[in-house]
Amino acid sequence: MMRVVLAVLAAAALGSALVVPELAKHKGELWAVLVAGSNSWFNYRHQADVCHAYQILHQHGVPDDHIIVMMYDDLAHSSDNPTPGVVINRPGGPNVYSGVPKDYVGKDVTPQNFLKVLSGDSEGLKGVGSGRVLGSGPNDRVFINLVDHGAPGIFGFPTSFLHVKDFRDAIQSMHRNKQFKDLVVYLESCESGSMFLNLPDDISVYALSAANATESSYACYFDKTRMTYLGDVFSIKWMEDTDREAVMNETLEKQFEIVRKETKTSHVLQWGERSLSKMKVGEFVGTKQSPPSSYGPFEDISDPCLESSVAAPDVPLSIFLRNKEDADDLIGLDFWTNQVKELQKNRTFVESRMAEIVKVMTGDKDLTAEMMSDRHHVIRDYNCHQQATNAWNDICFDLALNPYAMRMVHTIVNLCEHGFSASEFTTTAHSVCTHHGITGIQ
Ligand SMILES: *[C@@H]1O[C@H](CO)[C@@H](O)[C@H](O)[C@H]1NC(C)=O
Ligand SMILES: *[C@@H]1O[C@H](CO)[C@@H](O)[C@H](O)[C@H]1NC(C)=O
Ligand SMILES: *[C@@H]1O[C@H](CO)[C@@H](O)[C@H](O)[C@H]1NC(C)=O
């Protein structure tokens, strides 16, 4: 009898010694990287979205030392901010700025630093920002949320941009280096689908894009006090859904279906390994249940986000027009009328430079029109795309400082896919773009 009991106890002891750490290891931990790639009051919404994403992770029990935040951080104390220290993500909404970690701010918000964070390169980030990097291992889950301007094959940062090829390579090497068991990416930008067209579907990576590879994403929640947009439709939809749900009851698939249905303005798409969508939202935003929000959902016609939505590239014009409407004297009216005119003149100039490059390259009027048109090719020649986009950025218009120049990148894709080379583009750009140092073309 005694021997049996001892044997059972020994087995139990042995069992727990083996099983418990095994189980804990199997369950793994959650790590997150949150990036807002823009700056300035015009682009308020991108940082507001990312601050909100941080609040979600925080409320669901993810410790700050597992969340890495990159954002310019020029909103809370901006002279444009009527409520200093406060950033909101919907009209009348809570302050999403409080407690947000400032791992990388200002000039440290770069694609290079982002890639180092992903690869866990703490050596390379010594003395930069908090220096923190992903510390995840083979049993861990990683959530990446990116919000900014984009264009076919690129994602913006405050002073430069990330190429799709470098992003894809970074994700693949994270997989090779066993930095995650499962990785989920939620990405909001124009043409965000183009960042995942080449994502493998067998490396435990699942992604959502706010838009398909050839369309804009949309801003929403115009705020009259702040005279800017507070959110982006896709980001608002996934976050407000998360705020309402029991996160350990909702699968990623269900969230995708809800967000796709509610984001009437663009095509929300899923990418990568679809079987991950059976996992729970809570596995990527934190498993602890917080009190569910009672805000929304809304009927389409009374949805305050959709109601105020505008295509991201139209945001600057929309803000100027609203200022013009609001102007209470002739001086104000004149000023904003001129801003609208100048914006249009600026945009025409950017278009004219690209049209001239294409005309010189093709030597053909019809082909030029086709290359400039809204009909987009899919990127296949990634090298040509990368080199020619760099040339457009370096020689003609710095894309980070002239966001409208991003709207011309689809023409670069068209040229590359039509067999024109990046070196032809570069040579021609040198001869056409003789202007220098232009900034501020929104
Ligand atoms: C992407 O969106 C655009 C604009 O909404 C649409 O015209 C196009 O058919 C879509 N493309 C794909 C591949 O879904
Ligand atoms: C999750 O779903 C289960 C089963 O449907 C239900 O019993 C439970 O109350 C739900 N939890 C929450 C927090 O809604
Ligand atoms: C127009 O472009 C100039 C640079 O050429 C810039 O300084 C100015 O701010 C721009 N104006 C608008 C309204 O976009």
Side-chain angles (χ1 to χ4, degrees), residues 38-43 80 149-153 164 187-199 207-219 227-228 232-234 237 256 259-271 306 309-324 327 332-354 373-380 392-393 395-410 413-414 417 432-442:
S38 67
N39 58 14
S40 90
W41 198 252
F42 266 135
N43 298 313
D80 289 316
H149 295 290
V164 55
L187 195 158
E188 169 109 41
S189 71
C190 289
E191 286 96 16
S192 38
S194 68
M195 296 300 283
F196 299 122
L197 286 169
N198 58 356
L199 184 69
L208 291 191
S209 63
N212 76 22
T214 59
E215 69 185 350
S216 295
S217 87
Y218 280 65
M227 288 314 263
T228 191
D232 293 283
V233 179
F234 164 74
K237 292 306 176 189
F256 164 67
V259 173
R260 177 169 69 163
K261 194 169 140 278
E262 291 186 353
T263 305
K264 295 265 186 265
T265 44
S266 57
H267 299 87
V268 174
L269 296 174
Q270 52 181 348
W271 306 89
L306 288 181
S309 65
V310 45
D314 295 335
V315 163
L317 180 61
S318 158
I319 291 177
F320 287 168
L321 290 174
R322 289 188 186 254
N323 272 296
K324 192 178 140 187
L333 188 65
D334 254 16
F335 178 81
W336 292 110
T337 306
N338 273 327
Q339 287 292 100
V340 169
K341 273 196 205 134
E342 200 176 295
L343 177 105
Q344 280 155 346
K345 200 176 112 223
N346 282 352
R347 288 182 164 203
T348 305
F349 178 64
V350 172
E351 288 162 15
S352 79
R353 293 306 80 198
M354 182 57 94
S373 82
D374 268 345
R375 285 200 15 248
H376 299 210
H377 282 279
V378 172
I379 306 171
R380 291 204 175 77
W392 175 240
N393 176 73
I395 303 162
C396 297
F397 299 96
D398 186 314
L399 298 186
L401 302 176
N402 301 284
Y404 187 69
M406 278 198 185
R407 298 295 98 225
M408 300 290 112
V409 171
H410 76 273
V413 177
N414 290 345
E417 297 310 320
V432 170
C433 295
T434 48
H435 60 269
H436 286 295
I438 287 190
T439 63
I441 303 193
Q442 299 288 336

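First listed ligand is number 1; within each ligand, the first listed atom is number 1.
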**Q** Kindly tell me which protein residues have any non-hydrogen atom under 4.0 angstrom away from an atom of ligand 3, grouped by chain and ordered by number?
**A**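 Close residues (ligand 3, cut-off 4.0 Å): F320, Q339, E342, L343, N346, I438, T439, G440, I441.
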**Q** Evaluate N212 for polar contact with ligand 1, using N/O atom pairs at a separation under 3.5 Å.
**A**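 Among all N and O atoms of N212, at least one is under 3.5 Å from an N or O of ligand 1.
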**Q** Exactly one of S309, S216, S217 should register a side chain to side chain contact (heavy atoms under 4.5 Å, CB included) with T265. Which one does?
**A**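 Considering S309, S216, S217, a side chain to side chain contact (heavy atoms under 4.5 Å, CB included) with T265 is found only for S309.
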**Q** In terms of the angle between their ring planes, are F397 and F349 parallel, tilted or perpendicular, with boundaries placed at 30° and 60°?
**A**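 Judged by the thresholds at 30° and 60°, the geometry between F397 and F349 is perpendicular.
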**Q** Under 4.0 Å from any heavy atom of T214, which atoms of ligand 1 are there?
**A**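 Listed by number with element, the hits are 1 (C).
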**Q** Taking the side chain from S194 and the backbone from G153, do they hold a donor-acceptor pair closer than 3.5 Å?
**A**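 Yes: the side chain of S194 pairs with the backbone of G153.
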**Q** For ligand 1, which atoms, with element, lie under 4.0 Å from some heavy atom of H267?
**A**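 Close to H267: 1 (C), 2 (O), 5 (O).
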**Q** Would you say the side-chain atoms of N402 pair up with the backbone N or O of I438, donor to acceptor, closer than 3.5 Å?
**A**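 Side chain of N402 to backbone of I438: a pair is present.
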**Q** Do L343 and P316 have side chains that approach each other closer than 4.5 Å (heavy atoms only, starting at C-beta)?
**A**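 Side-chain contact under 4.5 Å: yes.
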**Q** Sequence neighbours excluded, which residues qualify as salt bridge (Lys or Arg N to Asp or Glu O under 4.0 Å) partners of K264?
**A**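 Expected list: D300.
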**Q** Indicate the ring-plane relationship of W271 and F196, choosing parallel, tilted or perpendicular according to the 30° and 60° boundaries.
**A**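 If you compare the ring of W271 with that of F196, the planes turn out tilted.
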